[in-house]
Undergrad: 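One structure coming up, written as structure tokens, with questions to follow.
Every chain is numbered from 1, with letters handed out A, B, ... down the list of sequences. None of these values were measured; they are calculated from a predicted model.
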Number of protein chains: 2
Amino acid sequence: MPSSQDQTPGPVDPSRRRRPTLTDVAAMAGVSVSTVSRALDGNPRIPGETRQKVVEAATALGFRRNISARSLRTQSSMLVGVVVPDIAIAFYATVLKAAQNVLEAAGYQVVVMNTERDAQHETVALRTLQDRQVDGLLVATSGGYVPDRGPVVFFDHVIPDTGLGYVSPDNAGGMTTLVEHLAVVHGHTRIAFLGVPPGPTARTQRMEHAPATERLEAFRNVMGARRLPVPPEYLAYGDHEWTEASAQQAVAELMRVAEPPTAIIAAGDTLALGALRQLRADQYKVGTDIALVSFDDPVSSDLLDPPMTALRRHDRELGEISARMLLDALEGRKSGVAPKTEHPTETRVPLDLIVRRSCGCAPETPESEPPP
Amino acid sequence: MPSSQDQTPGPVDPSRRRRPTLTDVAAMAGVSVSTVSRALDGNPRIPGETRQKVVEAATALGFRRNISARSLRTQSSMLVGVVVPDIAIAFYATVLKAAQNVLEAAGYQVVVMNTERDAQHETVALRTLQDRQVDGLLVATSGGYVPDRGPVVFFDHVIPDTGLGYVSPDNAGGMTTLVEHLAVVHGHTRIAFLGVPPGPTARTQRMEHAPATERLEAFRNVMGARRLPVPPEYLAYGDHEWTEASAQQAVAELMRVAEPPTAIIAAGDTLALGALRQLRADQYKVGTDIALVSFDDPVSSDLLDPPMTALRRHDRELGEISARMLLDALEGRKSGVAPKTEHPTETRVPLDLIVRRSCGCAPETPESEPPP
DNA sequence: AACCTCGGTGCAAAGGTTTGCGCACTCTGA
DNA sequence: TCAGAGTGCGCAAACCTTTGCACCGAGGTT
């Protein structure tokens with residue numbers, strides 16, 4: 001079996017000694033290192049002919065710039081840090097990927113860090129990233145230390161009134177949609193909310209604008225606006241990790257109250273899944289005995305039993321917007337024009353209601369839904 | 001609202017001029033930069049007292065090492081590159097996260113790149129990573145350029161017989177489990193395979209040991225071993241991206257053959273989901289009219305209609321093993337002992353069969369399954 | 001003919017850290 | 001008193017690139 005060598009495209013330094021440096025290229029091309037550097041930059045001061053020579057020498061040697069050296073000199077790493085609670089959660093992974101696409105097109109690479117929803121973790125993550133001299137930050141904060149150095153944009157958990165940019169799902173709008181659907185289309189009045197506990201914990205601080213909090217507030221507001229009661233026992237909470245198990249537990253209790261709700265709004269997809277599991281275990285016929293809708297669309301939720309009515313987020317779009325916002329900041333900073341706030345710095349991206357069956361809606365062309 | 005400043009723990013350079021350097025610390029502590037460097041390294045040559053002074057000065061100044069400079073000097077970036085087809089796919093995200101945990105514990109950070117299942121993309125990703133001087137690589141290759149410089153371990157798609165380490169799911173064993181269950185427990189003889197086309201495409205090369213290929217081969221082998229027929233029309237293929245839509249299409253055709261299969265094995269979770277969607281659209285009662293089992297467990301597959309029988313991978317374990325294997329290589333290299341092959345360099349991690357209903361098994365304690 | 005301009009290029013410094021080498025000093029034992 | 005062995009620490013090179021400044025020669029201007 002041949003070595004993998006035979007496949008690598010382009011010329012490669014045959015003497016496996018040492019990566020060639022600018023000096024080597026300069027020697028081969030018969031010019032100075034500065035000329036090589038400039039030629040490779042596409043600097044217009046270097047005429048085509050010289051550039052030609054340089055490029056030839058460079059490719060002949062298989063020359064690649066040493067990024068550490070460059071970073072040291074330019075004080076810029078072309079690295080963007082992304083910090084998320086948990087990259088294994090579909091939302092964060094999708095946002096990351098989308099953001100990454102636009103960032104890479106601009107020449108940046110991405111380093112990820114997980115905070116495990118822990119402010120401490122987040123603090124060290126952010127510090128590590130600073131040590132790395134990342135040029136910018138994309139963060140779904142867990143409520144910890146907020147960086148005050150360098151361009152940063154938040155997504156998911158939001159930090160308003162601080163001048164720092166953010167883009168986040170339209171939690172208020174989405175919740176309104178959900179409540180309206182339940183209340184006006186289906187006539188529910190006993191609507192419960194299944195979320196995670198509001199307020200800070202030992203592991204997190206500053207939760208005022210966490211998605212969970214925003215959704216709960218919005219729920220209260222629109223219920224209030226419709227003169228619908230929100231008795232405390234209709235507020236069910238899972239745990240801070242949004243686990244299915246905790247939701248299951250919470251729903252079990254919720255359904256044991258004297259006058260159980262006729263509809264449940266789950267504040268997230270995992271919560272909705274937990275709720276569904278528990279309701280099924282308790283022999284409820286979801287969609288007829290009780291309505292269940294979800295903020296955030298679980299994957300393949302059209303195949304669930306019953307198919308779940310939910311809000312679809314535009315995760316990819318959100319990631320792209322965030323990245324572009326960051327790129328703007330990066331560019332602005334580079335060209336020295338700091339407060340060039342021409343682009344909007346706070347964005348909410350809307351959510352779409354996907355009506356399926358768990359809310360009680362009739363099965364219209366049940367299987368026609370195209371896959372994601 | 002106060003600035004975020006009030007939260008940052010530890011002292012911070014109050015004069016926002018410039019990050020302090022070794023020189024600054026040295027000046028403050030009244031020693032030379034080399035001493036500072038060594039003291040901060042915990043070098044035993046520096047006695048406790050001196051170290052004390054240095055550490056105090058460093059923290060007073062809020063000193064943090066400049067990683068670019070260090071990388072330049074040491075020729076090591078403490079960066080590990082992870083390349084995957086698509087980070088938004090749960091498997092890769094989970095593996096990444098697990099690997100990340102062990103890597104970070106060892107002081108490495110992680111930079112991710114997506115290849116979009118395209119050999120070209122992969123090649124440039126790998127090159128970019130090399131430019132970054134990553135110390136090691138964790139790659140789920142899309143069949144492109146194989147790096148021959150520096151420690152690398154593969155997962156998922158495997159490169160055998162090359163001395164390069166890998167850890168990958170036990171595709172053969174898993175497929176055996178699946179076929180046996182269908183054939184001996186349920187007595188099926190007309191078993192179809194739903195996979196993705198084997199062999200290279202324009203976008204990928206060297207697919208011999210891609211998971212899809214391994215699974216197909218295994219299917220053929222165990223069917224053969226059991227003297228079960230594998231007519232060509234029982235081999236259905238989606239597309240190379242494993243999309244649900246393509247699986248749907250393939251299954252639609254599969255069920256139109258003269259003598260349709262009584263059981264289908266889907267080679268991946270998305271494929272299984274597509275199959276399920278199509279079978280439901282075609283009014284089959286999955287689990288009674290026809291059996292469907294899946295390699296790879298779809299998320300919340302116990303809530304599907306019907307709950308899906310599937311193979312559960314130990315993704316986190318796989319990620320951790322890969323990372324540890326890489327770490328071993330990194331250490332070995334650092335201490336100069338290159339071929340110190342004390343640890344196994346090729347590992348297969350087993351899969352567990354989760355019996356649910358789509359295979360035709362009876363509903364035993366249907367809702368008792370604990371959430372993931 | 002003296003002066004300017006300007007395109008093209010090179011010199012050398014700067015960026016911050018690590019580390020081989022060796023200096024200066026203090027003990028110990030003869 | 002001195003050789004020899006530690007001990008504690010500093011010097012300076014090396015890592016590689018970018019970039020301000022200056023130089024040089026050619027062509028144009030006055």
Undergrad: Can you tell which of C:dT19, D:dT19, C:dG16 lies closest to the side chain of B:R38?
TA: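 Selected nucleotide (nearest to the side chain): C:dT19.
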
Undergrad: Counting only side-chain heavy atoms from C-beta out, which of C:dT17, D:dT18, D:dT17 sits nearest to B:N66?
TA: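 Within the option list, the nearest is C:dT17.
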
Undergrad: At 4.0 Å (heavy atoms only), tell me whether A:S71 reaches a base, stays on the sugar-phosphate, or touches nothing.
TA: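 The residue A:S71 makes no contact with any strand.
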
Undergrad: In whole angstrom, give the distance that lies between atom CG of A:L72 and atom P of D:dC15.
TA: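 Atom-to-atom, A:L72 to D:dC15, this comes out as 14 Å.
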
Undergrad: Are B:Q133 and D:dC16 close enough that a side-chain N or O sits under 4.0 Å from OP1 or OP2?
TA: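 Result: no.
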
Undergrad: Between atom CG in B:D24 and atom P in C:dG16, what is the gap in whole Å?
TA: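 Taking CG of B:D24 and P of C:dG16, I get 9 Å after rounding.
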
Undergrad: Between atom CZ in B:F63 and atom C1' in C:dG16, what is the gap in whole Å?
TA: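 Rounding to the nearest Å, CZ of B:F63 and C1' of C:dG16 are 8 Å apart.
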
Undergrad: Start at the 5' end of DNA chain C and walk down; is the nucleotide closest to A:V33 or to A:P47 reached first?
TA: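 Its nearest nucleotide being more 5', the pick is A:P47.
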
Undergrad: For B:V31 and B:A69, take the nucleotide of DNA chain D holding the closest heavy atom to each; which residue's nucleotide lies nearer the 5' end?
TA: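 Mapping each residue to its closest nucleotide by heavy atoms, the 5'-most match is B:V31.
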
Undergrad: For B:Q75 and A:R19, test the side chains for any donor-to-acceptor distance below 3.5 angstrom and give the result as yes or no.
TA: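 No, no side-chain donor-acceptor contact under 3.5 Å.
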
Undergrad: Output the rounded distance in Å from CG (B:L22) to P (D:dA14).
TA: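 It is 19 Å, rounded to the nearest whole Å.
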
Undergrad: Looking for any heavy atom pair under 4.0 Å, which part of the strands does A:S68 touch: base, sugar-phosphate only, or nothing?
TA: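 If one applies the 4.0 Å heavy-atom cut-off, A:S68 turns out to touch nothing in the nucleic acid.
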
Undergrad: Quickly, which of B:V134, B:L326, B:V112 forms a side chain to side chain contact (heavy atoms under 4.5 Å, CB included) with B:V80? Name it, please.
TA: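 Among B:V134, B:L326, B:V112, the one meeting side chain to side chain contact (heavy atoms under 4.5 Å, CB included) with B:V80 is B:L326.
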
Undergrad: Provide, to the nearest angstrom, the distance between the CD atom belonging to A:Q75 and the C1' atom belonging to D:dC16.
TA: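 Atom CD in A:Q75 sits about 14 Å away from atom C1' in D:dC16.
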
Undergrad: Does A:R70 place a side-chain N or O at less than 4.0 Å from the phosphate oxygens OP1/OP2 of D:dT18?
TA: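 For A:R70, the contact criterion (side-chain N or O under 4.0 Å from OP1 or OP2 of D:dT18) is met.
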
Undergrad: Does B:T21 place a side-chain N or O at less than 4.0 Å from the phosphate oxygens OP1/OP2 of C:dG16?
TA: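 No, no such contact exists.
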
Undergrad: Verify whether one side chain among A:Q130 and B:R64 offers a donor that lies under 3.5 Å from an acceptor in the other.
TA: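 Side chains of A:Q130 and B:R64: no pair found under 3.5 Å.
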
Undergrad: Return the value, rounded to whole Å, for the distance between atom CG of B:N43 and atom C1' of D:dT7.
TA: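 Checked: the CG to C1' distance equals 13 Å.
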
Undergrad: Of the options D:dG10, D:dC16, D:dT17, whose atoms approach the side-chain atoms of B:S32 most closely?
TA: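 Looking only at side-chain atoms, B:S32 lies closest to D:dG10.
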
Undergrad: Look at all strands and tell whether B:R65 reaches a base, only sugar-phosphate, or nothing, counting heavy atoms closer than 4.0 Å.
TA: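 Counting heavy atoms under 4.0 Å across all strands, the contact made by B:R65 is with sugar-phosphate only.
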
Undergrad: Rounded off to whole Å, could you give me the CG-to-C1' distance for the A:D131 and C:dT17 pair?
TA: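 So the CG-C1' distance, A:D131 to C:dT17, works out to 14 Å.
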
Undergrad: Just by distance, no angles: are the side chains of B:T141 and B:E122 close enough, under 3.5 Å, to form a donor-acceptor pair?
TA: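 Side chains of B:T141 and B:E122: pair found under 3.5 Å.
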
Undergrad: Between A:Y92 and A:D156, do the side chains contain an N or O donor and an N or O acceptor separated by less than 3.5 Å?
TA: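 Side chains of A:Y92 and A:D156: pair found under 3.5 Å.
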
Undergrad: Check whether any side-chain N or O of B:S34 sits under 4.0 Å from OP1 or OP2 of D:dG10, and answer yes or no.
TA: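 No, B:S34 has no side-chain N/O under 4.0 Å of OP1/OP2 on D:dG10.
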
Undergrad: Measure from CZ on A:R73 to C1' on D:dT18 and round the result to the nearest Å.
TA: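 In whole Å, D:dT18 C1' and A:R73 CZ are 5 Å from each other.
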
